[in-house]
Structures are given as structure tokens and as C-alpha cells.
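All remarks here apply to the structure that follows.
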Amino acid sequence: MKMSINRRQISRRSILAGAAALGLTGTLAACGGSDDDSGGSDSGPVKLTYWSWAPNMEKVAAIWNKKNPDITVTVSKQASGGEIVSKLITAKKAGNAPDLIQVEYQSLPTLVSNDVLADITKYAGDTKSQFADGLWGMATLGTDALYAIPQDAGPLMFYYREDLFKKHGLSVPKTWTEFAETARAARKAVPDAYLTTFSSNDPGLFAGLAQQAGGKWWTVGSGGKWTVGIDDAATKQVAEFWGGLVQEGVIDNQPMYTPAWNNALNKGTHLAWVSAVWAPGVLVSSAPDTKGKWRMAPLPQWKSGENVTGSWGGSSTGVSTDSKHVEAAAKFATWLNTDPEALAALVKEVAIYPAATKGQSGDVLTTPEFFSNQADFYTTAGQIAATTAAAAWGPNVNTAYTTFQDAFGKASKAKKEAQFDSALATVQAKTFADMKKQGFEVTEA
């Protein structure tokens with residue numbers, strides 16, 4: 001069953017509530033961010049600046065520039081993550097934010113709360129129809145506004161060593177209950193190996209798993225009041241599930257992306273990996289000896305018959321409220337993420353998995369070299385991506401993620417399910433306290 005976007009429709013002004021507490025004391029109209037901002041008319045030559053961290057994005061922009069000499073785009077390479085967010089907020093306060101911005105989905109609420117992103121709804125046309133509902137919901141934040149055009153997606157999937165599963169008679173799990181059974185069977189069949197690991201270093205993966213389960217970590221009402229619900233029932237279920245498997249000793253408790261983790265994948269002492277569509281690129285360097293031995297399947301479901309996944313990673317293209325050419329910038333952002341030639345270039349030059357459904361198939365998406373035994377890799381990936389649930393991000397994701405790494409790091413080291421539960425409560429408490437300190441009107445679920 002595909003998960004729908006259940007978030008309440010809210011106005012742009014309500015999501016900006018709390019902006020004054022962050023130093024934005026002027027009126028929305030004064031800083032170019034009013035609900036009815038037209039963005040001006042672009043009748044003459046226009047020059048736009050695009051902040052992006054993606055490799056080779058300038059090559060994609062060059063295709064646009066050749067065809068649109070009246071609207072030229074210059075790509076300015078930036079760092080990703082929290083660094084670009086901080087830099088953008090600083091630039092906004094100085095009134096010189098770039099026209100276009102590459103924004104991770106989880107950073108959108110932070111930038112909207114700081115009035116960095118313009119509402120480009122009026123320039124989007126029928127763009128919505130080209131994306132899965134869940135991905136589109138991440139760009140609208142569940143509102144009637146549009147703050148960015150989805151660019152790439154990171155739907156979660158289940159990767160497993162096909163050869164070792166066959167050798168040890170293991171079944172590919174379709175539900176999380178079956179996942180636990182497979183973990184136990186793997187441990188029994190290969191005592192020195194685990195099905196996979198719980199990594200406290202990767203809050204993005206945990207967030208995606210909570211997203212799949214129906215977790216709504218942040219929501220905001222029509223009056224601008226935020227609700228923090230990181231320890232909601234859905235997320236508790238996820239935390240207790242993984243904590244229980246760690247305590248039972250049937251999955252590992254070591255972090256990912258370490259030499260030890262690479263070695264476990266390469267030697268086959270980790271038989272599977274819950275990851276996103278970009279995982280094949282990681283396996284090339286992390287497990288070079290396992291080429292052609294992996295296979296991908298949909299993420300296990302909480303209830304038999306359901307069909308929903310979460311996401312890990314992904315970004316969008318937004319237009320800043322400082323831009324004097326919002327319409328032109330929105331036109332480029334839409335082209336970049338929906339035009340067939342642009343999508344093909346994003347795949348070839350930038351090595352991303354497009355968010356647009358029509359970019360998730362075709363000859364440009366060649367089967368990953370590590371999955372030569374699965375010719376339908378991208379066909380299956382496209383079907384999974386279409387089931388992506390809408391995430392519920394808030395304005396202080398960095399606080400939640402930092403707290404997660406600390407609290408869940410201690411819990412996984414202790415190997416106690418109860419401590420996983422208390423770690424989740426800690427993330428909830430510190431995230432709520434941080435929002436309150438920043439001046440947001442906030443309550444707990």
C-alpha cells in the first residue's frame with residue numbers, strides 16, 4: 001500500500017513562524033519572500049548563479065546555456081551538508097544569496113524557516129505529475145507552496161549476497177519479521193558472520209527506516225506551531241526492532257564506512273546491507289572482490305502485502321528569495337530536473353539517480369557493474385522509488401542527527417534493547433529543547 005501525504009495543508013507564512021527568533025526581523029515582503037511575490041519579469045539577458053556540490057554539474061548547465069543564451073547559469077562549487085546550509089543563511093542575512101541552490105531534502109525546513117527559499121509554485125506548471133507523491137511532498141513540506149524541484153532520490157532497498165544466500169539456504173525477507181528470522185538463520189549457518197549491522201553513525205538510514213514505518217518526526221500546524229514526535233510509535237517500533245536484534249546478537253553493532261565494515265562486506269561476513277539506490281557505487285570500492293555476487297530486492301515491510309519504502313539521501317533545486325530573477329531561475333530548475341536531455345546528463349555526468357520518474361528508466365541507466373546478474377536492477381529500482389513515503393523534516397535536523405549518533409552509539413555498544421528506547425527519548429528531548437531555545441513555538445507529540 002502506497003503511503004499518502006497526511007500532513008496538514010499550511011501556508012508559507014506559518015512555516016516561517018520562528019524566523020524572527022533566528023534573526024529575520026524584517027517583513028517577508030521586505031526580504032522578497034511574501035506569499036504573492038512575483039519574482040519579477042525576465043525580459044532581457046539574465047545571469048544566474050547556482051550553488052551546488054555535485055561533481056560535473058557545470059557540464060549539465062552548459063547544455064542549458066547553449067540552448068538558452070538569454071538565461072545563462074554559472075555553477076559555483078560548494079561543500080555539502082551543514083556547511084552549505086550555514087553559508088546560505090549567512091548569505092541571506094547579507095542579502096546576497098545565490099539565485100539557485102542545491103538543497104538536501106532534510107535541509108529544506110531550515111532554509112524555509114530562515115526565508116532563504118522562494119515559493120516557486122506559480123512557475124511549476126504540471127511538474128508535480130512527474131514525481132512520486134512522497135518525493136514531491138518533501139519539496140512542498142506538506143504545504144500548498146513549492147520550495148524546490150526534486151533532483152535526485154535515495155529510495156531504500158535490501159541488498160544481499162545472492163551466492164551466500166543460496167549456499168546457506170537463506171530466504172530473502174519480505175517483512176521485517178522475516179528479516180529477523182533470516183538474521184537468526186544466517187548467524188546459525190555461519191557463526192562468524194552476521195546478516196548485517198546496526199550503524200549508529202548513520203542517522204539518515206535510521207530516519208529513512210522510521211519514514212517507511214510511518215514516523216512523522218516534525219509537523220507544523222496552520223498557526224505555525226511545530227510538533228516534535230521523533231519518539232512516536234512508528235519510530236519506537238523501529239528502534240526496538242533493531243535494538244532487540246543487537247541484544248540478541250544476531251546482527252552486528254559496528255558502524256558502517258570503516259575499514260572493518262568494508263572487510264566484512266568484502267569477505268562475506270556481512271551477508272546483506274539495507275541501503276539506498278546508490279549502494280552499488282559504494283560496493284565498488286568497499287567490496288571489490290564481490291562483483292556479480294550481489295542482488296537487490298524491495299525493503300522488507302512491516303505488514304505483509306504493504307509496499308512502501310523510505311529514503312536515505314537525495315536533494316533538490318531551490319530558488320532563493322534574494323534572486324532578482326525568480327521566474328528564470330525556476331525555469332532552469334524545472335528543466336534541470338525534468339527535461340530528458342538534462343536527466344540523461346545528470347545520470348552520465350553527475351552520477352545521480354533522478355527523482356523524476358521518466359529519468360528512472362531508459363538506456364542511460366545501465367545496469368551497475370556489480371549487478372551484472374540483475375539486468376532489471378533499474379526497473380526494480382524505479383518500482384521501489386514510486387513507493388517512497390513522504391518524510392517529515394524540521395528546522396533542526398542537525399541537532400537530532402548529532403544527538404542520535406551519541407545516544408545510539410552508546411546504546412549499540414551496550415547491546416541493550418531498552419537503551420535503544422531510551423536513546424530515542426534522548427533524541428526527542430534534545431531536539432525539542434533546541435527548537436524551544438531557538439524561539440519556535442513548539443510542542444511534543
Side-chain angles (χ1 to χ4, degrees), residues 18 21-23 53 78-90 102-114 116 138 141 154 156 197-211 215-220 226-232 234-236 238-240 242-243 246 253-258 261 274-276 310-315 391-414 416 419-440 442-445:
L22 297 173
W53 63 81
Q78 303 291 323
S80 61
E83 188 171 334
I84 191 173
V85 172
S86 297
K87 190 173 180 180
L88 282 165
I89 292 172
T90 300
Q102 183 178 5
V103 186
E104 291 178 297
Y105 296 117
Q106 68 265 26
S107 298
L108 283 168
T110 300
L111 295 179
V112 171
S113 293
N114 283 274
V116 175
M138 284 192 247
L141 308 184
L156 288 175
T197 189
F198 176 85
S199 177
S200 60
N201 280 3
D202 295 277
L205 172 57
F206 183 84
L209 293 171
Q211 178 186 346
K216 298 293 182 185
W217 287 10
W218 288 269
T219 52
V220 60
W226 286 89
T227 299
V228 180
I230 295 176
D231 62 347
D232 61 12
T235 309
K236 281 183 179 180
V238 175
E240 291 169 358
W242 288 92
V246 169
N253 66 334
Q254 299 303 310
M256 295 187 291
Y257 301 106
T258 64
W261 179 76
V274 176
S275 190
S311 59
W312 184 11
S315 61
W393 300 114
N396 62 340
V397 172
N398 285 347
T399 296
Y401 275 17
T402 300
T403 306
F404 174 94
Q405 291 173 322
D406 179 59
F408 277 86
K410 294 173 181 176
S412 59
K413 186 176 181 180
K416 298 293 184 182
Q419 200 159 329
F420 274 67
D421 207 22
S422 61
L424 187 63
T426 298
V427 178
Q428 165 74 19
K430 291 196 174 183
T431 304
F432 171 75
D434 178 67
M435 285 191 69
K436 200 169 183 180
K437 182 179 179 181
Q438 289 190 56
F440 286 95
V442 61
T443 187
E444 295 186 273

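Because the structure is a prediction, the values reported are computed rather than measured. Start at 1 with the first residue, then count along the sequence.
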### Query
Partners of F432 by ring pair (Phe, Tyr, Trp, His ring centres under 6.0 Å), sequence neighbours excluded?
none
### side chain to side chain contact (heavy atoms under 4.5 Å, CB included) between F198 and N253, intermediate numbers included
CA-CA 5 Å; F198 176 85; N253 66 334; 5.7 Å; no
### Query
In Å and rounded to the nearest 0.5 Å, what is the OG1 to CG distance from T110 to L88?
11.0 Å
#### Entry: Donor-acceptor pair between E104 and S80 side chains, under 3.5 angstrom
no
#### Entry: Separation between OG1 of T431 and CG of N398, rounded to the nearest 0.5 Å
10.5 Å
### Summary
Heavy-atom nearest pair, A400 first then V427, reads O-CG1, 3.7 Å
### Query
T197 and Q254: side-chain donor and acceptor closer than 3.5 Å?
no
### Query
Roughly how far, to the nearest 0.5 Å, is the CG atom of D421 from the NZ atom of K236?
6.0 Å
### Query
For Y105 and W393, which heavy atoms make the closest approach, and how far apart are they?
O-CD1, 3.6 Å
### Query
How far does CG of N114 sit from OG1 of T90, to the nearest 0.5 angstrom?
9.5 Å
## Note on the structure
Residues A234 and G215: closest non-hydrogen pair is CB-N, 3.5 Å
### Query
Closest heavy-atom contact between W226 and S113?
CZ2-OG, 4.4 Å
#### Entry: Counterpart residues, side chain to side chain donor-acceptor pair (under 3.5 Å), relative to N396 (two or more places apart)
W218, D434
### Query
What pairs with D232 under side chain to side chain donor-acceptor pair (under 3.5 Å), at least two apart in sequence or on another chain?
T235
#### Entry: D202: partners by side chain to side chain contact (heavy atoms under 4.5 Å, CB included), with sequence neighbours left out
S199, L205, M256, Y257, W312
### Query
Would you find a donor on one side and an acceptor on the other, under 3.5 Å apart, between the side chain of Q405 and the backbone of N201?
yes
#### Entry: Nearest heavy-atom neighbours spanning Q428 and G229
OE1-C, 3.5 Å
### Query
Taking side chain as C-beta onward, heavy atoms only, is L424 less than 4.5 Å from F206?
yes
## Note on the structure
Residue pairs meeting salt bridge (Lys or Arg N to Asp or Glu O under 4.0 Å), one or both in residues 391-413, sequence neighbours left out, come to D406-K410
### Query
Which heavy atom of E444 sits nearest a heavy atom of T227, and at what distance?
C-CG2, 3.9 Å
### Task
Examine distances only and state if a side-chain atom of Q102 and a backbone atom of S315 form a donor-acceptor pair shorter than 3.5 Å.
no
## Note on the structure
Applying side chain to side chain donor-acceptor pair (under 3.5 Å) to E83 and not counting sequence neighbours gives none
### Task
Indicate yes or no: at least one non-hydrogen side-chain atom of V85 is less than 4.5 angstrom from one of V116.
no
